[in-house]
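I have placed the structure first, in the form of structure tokens, so that the comments after it can refer back to it.
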Amino acid sequence: MAYSEKVIDHYENPRNVGSFAKEEAGVGTGMVGAPACGDVMRLQIKVNEQGIIEDAKFKTYGCGSAIASSSLVTEWVKGKSLDEAMQIKNSQIAEELELPPVKIHCSVLAEDAIKAAIEDYRKKSGAVSAAETH
Amino acid sequence: MEREGFECTYLEVQENGLVDLDAFRAALRPDTILASVLFVNNEIGVIQPMEEIGKMLREHKILFHVDAVQALGKVPVDVEAIQADLMSLSGHKIYGPKGIGALYVRRKPRVRIEAQIHGGGHERGMRSGTLPTHQIVGMGAAAELAVQSMESDSRRIRQLRDRLLNGIMSRVEEVYINGDMEHRVPHNLNLSFAFVEGESLIMALKGIAVSSGSACTSASLEPSYVLRALGKSDELAHSSIRFGIGRYTTEEEIDETIELVASKVGKLRELSPLWEMHLEGIDLNSVQWAAH
């Protein structure tokens with residue numbers, strides 16, 4: 001598999017590897033993919049009171065481009081509002097990393113991971129604020 | 001053959017990669033004309049019980065085709081002992097030139113085959129075309145060397161294989177061997193590193209040529225069909241690496257490989273959410289995965 005230098009760089013020096021405690025306030029967790037399919041991505045975001053993603057972490061089981069795609073999106077979502085992060089498209093990820101055609105699904109998975117993490121955060125914070133106003 | 005209207009039965013193998021002789025016998029039909037068996041498997045190196053199969057087929061007067069491409073130079077290949085009627089061989093698997101192979105065709109009892117290449121009638125009409133003399137000589141010389149050094153090669157390679165296996169097993173946990181260890185050529189070691197995806201591990205093992213399946217399917221993203229046939233889960237099939245040990249492999253290279261594998265598997269597991277879940281005691285089979 002001929003990968004671009006960017007994929008190799010992210011693969012060899014993955015950014016923001018790790019985990020936040022799922023229960024921690026402001027943390028949203030998205031896990032997509034399946035072991036049987038050969039890739040599982042877990043993306044976590046930490047959202048501050050202004051609704052800005054101030055930190056992100058990931059762990060990925062998968063090929064080099066799956067690792068690179070998730071590493072890249074942790075960099076991209078940082079500093080963005082939730083709505084801005086929702087705008088990240090798989091095609092931008094694929095373009096940035098120059099993914100070969102057979103690896104486009106990795107970028108799709110990374111986009112799904114962002115959406116899942118945001119959804120999880122919204123569900124959690126929605127539940128919290130609903131409980132507070134009650 | 002199926003395209004020409006013949007019916008084919010594909011036999012499953014056992015968990016160790018070996019064919020079940022009773023199942024083989026049961027699959028024979030009164031109208032069976034040909035059986036084809038892979039002598040040594042290209043992904044997991046297991047050796048099929050060829051003598052028993054050959055004897056059974058001869059009793060039933062069924063032609064026996066043997067794919068001995070991976071067996072030549074690694075185990076004794078004797079067309080009489082295994083009663084092969086047809087046998088495929090290839091030069092590049094025995095340190096010979098690429099681009100040449102051979103088909104053994106038994107004369108007694110006679111096997112009649114149809115020419116695939118037509119023209120000037122070379123090779124008794126079986127393969128028309130100018131003969132590539134250099135290739136033929138090259139494969140012949142390679143075969144001679146292979147026979148001469150087979151015993152000493154195998155002994156040395158077995159020691160290296162054991163060194164590699166023991167080295168990895170003592171340094172890395174959750175490693176599984178694919179394929180039978182007894183009926184196996186020592187040149188092959190196929191391991192699954194749970195919670196690590198095969199291609200990412202190959203990328204990490206820079207300087208070492210390993211594969212996650214066979215080269216024949218390297219353009220496909222599907223997990224190895226050979227490992228699937230052993231009943232391995234998709235996940236373990238995605239996590240497998242085939243190590244090949246050859247005539248020129250050294251002990252230092254084996255030790256470097258052990259070091260590299262141990263450190264890179266550790267690094268990739270640090271990256272793996274599945275490994276984290278495993279450490280937390282979560283059964284991955286109990287998780288509802290969002291398949292895609």
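Across all non-hydrogen atoms, the minimal contact from A/Pro35 to B/His238 is O-CD2, 3.9 Å. Between A/Glu12 and B/Lys267, the shortest heavy-atom contact is O-NZ, 3.4 Å. Of all heavy-atom pairs between A/Val40 and B/Pro273, the closest is O-CG, 3.8 Å. Annotation for A/Ser19 and B/Glu276: closest pair OG-OE1, 3.0 Å, computed over non-hydrogen atoms. In plain terms, the two heavy atoms of A/Val17 and B/Glu270 that are nearest each other are CG1-O, 4.0 Å. Nearest heavy-atom pair across A/Tyr61 and B/Phe195 is CD1-O, 3.3 Å.
At least one donor-acceptor pair closer than 3.5 Å links the side chain of B/Glu197 to the backbone N or O of A/Cys63. For B/Ser200 (side chain) and A/Gly62 (main-chain N/O), a donor-acceptor pair under 3.5 Å exists by modelled atom type.
The environment of CD in A/Glu75 is crowded: more than 12 heavy-atom neighbours from other residues, nucleotides or ligands sit within 6.0 Å. A 6.0 Å sphere centred on CD of A/Glu119 holds no more than 12 heavy atoms belonging to other residues, nucleotides or ligands. Other residues, nucleotides and ligands place no more than 12 heavy atoms under 6.0 Å from the NZ atom of A/Lys22. Within 6.0 Å of CD in A/Glu5 there are 12 or fewer heavy atoms belonging to other residues, nucleotides or ligands. Heavy atoms of other residues, nucleotides or ligands lying less than 6.0 angstrom from CD of B/Glu174 number more than 12. Residue B/Glu15 qualifies as open at atom CD: its count of foreign heavy atoms under 6.0 Å is 12 or below. The 12-atom threshold is exceeded at CD of B/Glu280, counting heavy atoms of other residues, nucleotides or ligands nearer than 6.0 Å.
With a 4.5 Å cut-off on non-hydrogen atoms, A/Ser70 does not touch chain B at all. Looking at B/Ala204, the atoms closer than 4.5 Å to chain A (heavy atoms on both sides) sit in the backbone and in the side chain alike. Residue A/Tyr11 touches chain B through both its backbone and its side chain, counting heavy-atom pairs closer than 4.5 Å. Only the side chain of B/Lys206 comes within contact range of chain A, judged by heavy atoms closer than 4.5 Å.
Atom CE of residue A/Met31 and atom CH2 of residue B/Trp289 lie 4.0 Å apart, to the nearest 0.5 angstrom. Atom CG of residue B/Leu274 and atom OG1 of residue A/Thr60 lie 9.5 Å apart, to the nearest 0.5 angstrom. Taken from CD in B/Glu199 to CG in A/Asp39, the straight-line distance is 10.0 Å, to the nearest 0.5 Å.
Scanning residues 92-100 of chain B against chain A with a 4.5 Å heavy-atom cutoff picks out nothing at all.
The side-chain heavy atoms of A/Pro14 and B/Leu271, taken from C-beta on, include a pair separated by under 4.5 Å.
Between chain A and the options B/Leu236, B/Leu284, B/Val196, the largest number of non-hydrogen pairs under 4.5 Å is found for B/Val196.
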